[in-house]
> 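Dumping the structure here so I can ask a few things about it.
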Amino acid sequence: MSINQQDFTYVQTLVRQKAGIIIDDGKEYLIELRLKPVAIKNGYENVSGLVQKLKEHSRHNGTHEQVIEALTTNETSFFRDLHPFEVFKNVIVPELIEKNAATRTLKIWSAACSTGQEPYTIAMILRDSFPQLAHWNVSILATDLAGKVLDKARSGVFSQLEVNRGLPALMMVKYFDKQGDSWIIKEPLRKMIVFRQLNLLEHWSGMHTMDIIFIRNVLIYFDVEAKRSILKKVRELMKNDSFLLLGSTESLINVTTDFNNVRHDKTFCFKRKF
Ligand SMILES: C[S@@+](CC[C@H](N)C(=O)[O-])C[C@H]1O[C@@H](n2cnc3c(N)ncnc32)[C@H](O)[C@@H]1O
């Protein structure tokens with residue numbers, strides 16, 4: 001039995017309100033596809049049974065979370081798009097090492113980090129190219145809405161397929177151990193990152209000023225209002241010298257004029273306007 005219009009609208013509204021994610025009309029097949037496994041796991045024959053349960057328990061519980069998580073897109077890879085990480089290595093970090101020399105601190109946030117390939121890429125570059133940072137206070141915070149992807153990120157365990165996507169062989173040898181069919185991030189690298197659950201749409205508690213913010217390939221799922229409210233909060237975490245990096249296909253045109261962009265080859269870096 002496929003999902004009826006009422007149930008579709010209910011799920012559409014739920015994920016929009018709770019995660020900011022827009023599911024366009026006509027995407028019933030997507031909801032069916034993503035929620036069928038959640039329905040079966042929770043003992044329902046079909047998606048309608050699952051949605052019924054959600055409606056009965058209007059207060060959010062584990063099932064609501066499972067539904068929202070199932071409807072997020074977690075696509076990611078090591079060194080995704082490569083060029084932003086070249087700019088990170090060749091421009092951003094050298095500039096911040098100079099500017100932050102007095103405090104010897106470097107604070108990086110990977111927002112919407114999915115299964116961790118982005119923060120681990122950041123950690124590998126810092127370890128590999130900036131030995132002087134060993135004497136600095138470097139923090140990498142990696143957050144995501146979905147607990148399931150964060151568990152995987154924290155575990156640091158990746159399949160052959162995942163490491164084949166973008167990870168240079170030299171990095172694999174240097175920073176991973178092979179265990180059976182999997183590759184595991186070495187402990188010192190894993191320890192460089194703090195993973196935390198954070199919904200970009202909700203109040204961000206305990207956040208501090210950042211030097212570099214990666215918020216890549218997530219704003220595309222939100223409507224303009226949600227993008228604006230997130231970017232307003234992002235701006236508050238940025239200093240004069242801080243950098244913001246978006247996904248390669250994302251721009252701030254028609255969203256906000258609060259940032260200046262600086263182009264380095266194919267990569268746009270954003271700086272807060274004062
Ligand atoms: C496509 S992945 C991007 C991963 C990584 N930043 C990259 O570019 O490879 C999008 C991530 O955004 C997360 N996400 C979706 N809605 C969110 C929200 N409201 N708050 C925080 N994270 C969210 C999803 O769970 C997913 O892991």
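Bear in mind the structure is a predicted one, so any value in this text is a computation, not a measurement. Throughout, residue positions are numbered sequentially from 1 according to the sequence presented. Every number for a ligand or one of its atoms is a count from 1 in the order of the listing.
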> So, are Lys89 and Asp128 salt-bridged, with charged N and O less than 4.0 Å apart?
no
> Describe, in one word, how the ring planes of Phe85 and Phe214 are oriented to each other, choosing from parallel (under 30°), tilted (30 to 60°) and perpendicular (over 60°).
parallel
> Think Arg80 forms a cation-pi with Phe78, using NZ or CZ under 6.0 Å from the six-ring centre and within 45 degrees of its axis?
no
> Between Asp211, Ile122, Leu133, which is the residue that forms a side-chain contact (heavy atoms from CB on, under 4.5 Å) with Val138?
Leu133
> Ligand 1: which residues have a non-hydrogen atom closer than 4.0 Å?
Ala19, Ile21, Thr72, Thr73, Asn74, Glu75, Thr76, Arg80, Ala112, Ser114, Glu118, Asp144, Leu145, Ala146, Leu198, Asn199, Leu200, Arg216, Asn217, Val218, Tyr221, Phe222
> Check Glu225 with Arg228, please: is the shortest side-chain N to carboxylate O separation under 4.0 Å?
yes
> With a 4.0 Å cut-off on N to O distance, would you call Lys55 and Asp7 a salt bridge?
yes
